[in-house]
Amino acid sequence: MTALRDQIMAQIRADGPMRLADYMALCLMHPEHGYYATRDPLGRKGDFITAPEISQMFGELIGLCLAQAWLEQGAPAPITLAEAGPGRGTLMADLLRATRGVPGFHAALRLHLIETSPVLRAAQARTLGRADITWHDRIETLPEAPLFFVANEFFDALPIRQFQRNADGWRERLIGLREGRLAFGLGGISAPPEIAHRLADTREGDIVETCAPGQAIAADIGARLAAQGGVALIVDYGDWRSLGDTFQAVRGHQPTDPLVDPGTADLTAHVDFEALAQAAPCAHTRLIPQGDFLNRLGIGARAEVLARRLTGPRRDSHLAAYLRLTDPAEMGTLFKAMALYPATTAPPPGLDP
Ligand code: SAH
């Protein structure tokens, strides 16, 4: 029994069933008991592992992609280089190292990180070891400048709502109490405008998900790109249009019940990329599998160069990491990449048609 569970149950007793988005926000971001607020969840000993933690090649290639887009847009200066949800700062460290040789890029960039967790902010400061980082709680406070942005496994952590299609209309899935435990139930008929278009591709019993915070962030980024230039790379698991219940909890690399011991497991949902693209008032690339994206950026050649320097078990684990990032049976297809960019410029490398 966690303190957060007591608090959530008391809130439900007082106010009635809770939206899934409110439950997710409390579990992940509660300042005292929230999952991200209280720990570094990444790595083999943590609850899950992400692409930048698997291999340095991931951040390197993202860096070269952003720097190439910057060159193609005429090497503007100054620029905002921003990452949302940077975890331990590994992707950003690899990105910065890989772009050191791009003339003018480092002189032009101002580094901004969007991160709410104090534990992970401290980890990012340690990993990056530089004095010129500005942290933000939210995207809105980024400065006005061309924006070169990356987010890996960030949008999947944002709170979602779920709606089930019934014979009589949509009903929201809410979290209430049953026999002294947290349990899902259905609310009254409600028809939020953001799911009106889903009547065409759903049947009775289907669940659809919405992520208002993700759409608001995409809208903010898109407006900046259209006005100031830049590019935003979004990598996450999900689909162009997600269907069904994708809400999940992971603890110690294993799936677990998301309603048991709130605040102690990572909670995520698949990213609905179409909703992000439509919220952003700028151009978007098509959505492509992570494996294809990395292959098009040249991960094969980079993997070979690194492999030549390694022997024995270190070489084996490097090659396993390469496969893990790109193989369709591993992260290669489940994870996807999409870019937002100004309609007046070319799409970034790796995501061009
Ligand atoms: N991008 C990193 C970490 C992914 S974990 C990697 O690939 O390894 C999700 C990250 O998003 C964590 O850093 C978490 O603290 C952050 N995060 C989650 N929700 C957030 C929110 N609403 N605002 C800002 N950061 C958030």
Side-chain angles (χ1 to χ4, degrees), residues 21-31 33-63 66 81-96 112-128 133-142 149-160 211-218 220-221 232-238 248-251 253 263 265-271 276 290 293-294 321 324-325 331 334-337:
D22 296 331
Y23 179 78
M24 262 182 103
L26 282 169
C27 290
L28 293 177
M29 291 300 168
H30 185 283
H33 309 298
Y35 178 75
Y36 280 113
T38 52
R39 76 199 76 205
D40 171 356
L42 289 151
R44 267 171 246 290
K45 291 205 194 96
D47 290 314
F48 60 97
I49 188 158
T50 56
E53 301 295 332
I54 290 170
S55 168
Q56 68 186 70
M57 296 186 289
F58 187 78
E60 291 172 349
L61 292 168
I62 298 271
L66 289 182
L81 175 64
E83 182 176 359
R88 288 180 178 164
T90 308
L91 187 163
M92 186 52 77
D94 294 333
L95 179 164
L96 290 169
H112 293 267
L113 303 179
I114 300 123
E115 175 62 69
T116 39
S117 155
V119 178
L120 289 174
R121 279 189 184 195
Q124 291 151 22
R126 277 196 303 278
T127 303
L128 293 166
I133 306 172
T134 310
W135 276 276
H136 301 258
D137 283 327
R138 43 187 45 249
I139 203 105
E140 288 89 336
T141 54
L142 287 177
F149 172 96
V150 61
N152 181 60
E153 289 208 48
F154 166 73
F155 283 93
D156 66 23
L158 300 176
I160 59 153
C211 181
Q215 287 180 279
I217 292 170
D220 183 288
I221 292 172
L233 296 179
I234 300 170
V235 185
D236 225 308
Y237 60 120
Q248 64 166 26
V250 167
R251 190 188 299 116
H253 301 269
D266 184 40
L267 303 181
T268 59
H270 284 198
V271 174
L276 300 184
Q290 171 175 298
F293 175 54
L294 296 175
R324 187 145 176 216
L325 291 182
M331 297 174 86
L334 176 61
F335 283 76
K336 309 222 172 45

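Side chains are part of it too, since the values below use all heavy atoms of this structure and drop only hydrogens, waters and symmetry mates. As the structure lists them, so they are numbered: ligands from 1, and atoms in each ligand from 1. Being a predicted model, the structure only gives us computed values, none of them experimental.
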Which residue owns the protein heavy atom closest to atom 13 (O) of ligand 1, what's the atom, and how far is it? Glu115 OE1, 2.6 Å
Please report the shortest heavy-atom distance between Leu120 and Tyr36, naming the atom on each side. CD1-CD2, 3.9 Å
Verdict with reasoning, Thr141 to Thr134, per side chain to side chain contact (heavy atoms under 4.5 Å, CB included): CA-CA 10 Å; Thr141 54; Thr134 310; over 6 Å; no
Provide the number and element of each atom of ligand 1 under 4.0 Å from a heavy atom of Phe154. 11 (O), 20 (C), 21 (C), 23 (N), 24 (C), 25 (N), 26 (C)
Tell me which one of Tyr35, Tyr36, Phe58 gets a heavy atom nearest to atom 5 (S) of ligand 1. Tyr36
Can you tell me which residue and heavy atom of the protein come closest to atom 4 (C) of ligand 1, and the distance to 0.1 Å? Glu153 O, 3.4 Å
State, to 0.1 Å, how close Ala232 and Ile221 come at their nearest heavy-atom pair, and which atoms those are. CB-CG2, 3.7 Å
Just heavy atoms, cut-off under 4.0 Å: does Asn152 contact ligand 1 by side chain, backbone, both, or neither? both
Closest approach of any protein heavy atom to atom 24 (C) of ligand 1, naming residue and atom: Thr116 OG1, 3.4 Å
Just one of Ile160, Leu276, Leu158 clears the side-chain contact (heavy atoms from CB on, under 4.5 Å) bar with Val271, so which one? Leu276
Please evaluate residues Leu95 and Leu81 with respect to the criterion side chain to side chain contact (heavy atoms under 4.5 Å, CB included), reporting the C-alpha separation (whole Å), side-chain torsions for both, the decisive distance (0.1 Å), and the verdict. CA-CA 11 Å; Leu95 179 164; Leu81 175 64; 3.9 Å; yes
Is the shortest heavy-atom distance from the side chain of Val119 to the side chain of Thr38 under 4.5 Å? no
Note: heavy atom closest to atom 11 (O) of ligand 1, options Gly214, Gly59, Gly87, Gly85, belongs to Gly85
min-distance protein heavy atom vs atom 20 (C) of ligand 1 -> Met29 CE, 3.2 Å
Would you mind reporting whether Phe149 and Leu233 have side-chain heavy atoms less than 4.5 Å apart? no
Provide, to 0.1 Å, the distance between atom 22 (N) of ligand 1 and the closest protein heavy atom, together with that atom's residue and name. Leu158 CD2, 3.6 Å
Ligand-side contact atoms (ligand 1) for residue partner Pro52, heavy atom cut-off under 4.0 Å: 6 (C), 7 (O), 8 (O)
Residue and atom name of the nearest protein heavy atom (relative to atom 8 (O) of ligand 1), distance in Å to one decimal: Thr50 OG1, 2.5 Å
How close do Phe48 and Tyr35 get, heavy atom to heavy atom, and via which atoms? CE2-OH, 3.9 Å
Record the part of Leu28 in heavy-atom contact with ligand 1 below 4.0 Å; permitted values are side chain, backbone, both and neither. neither
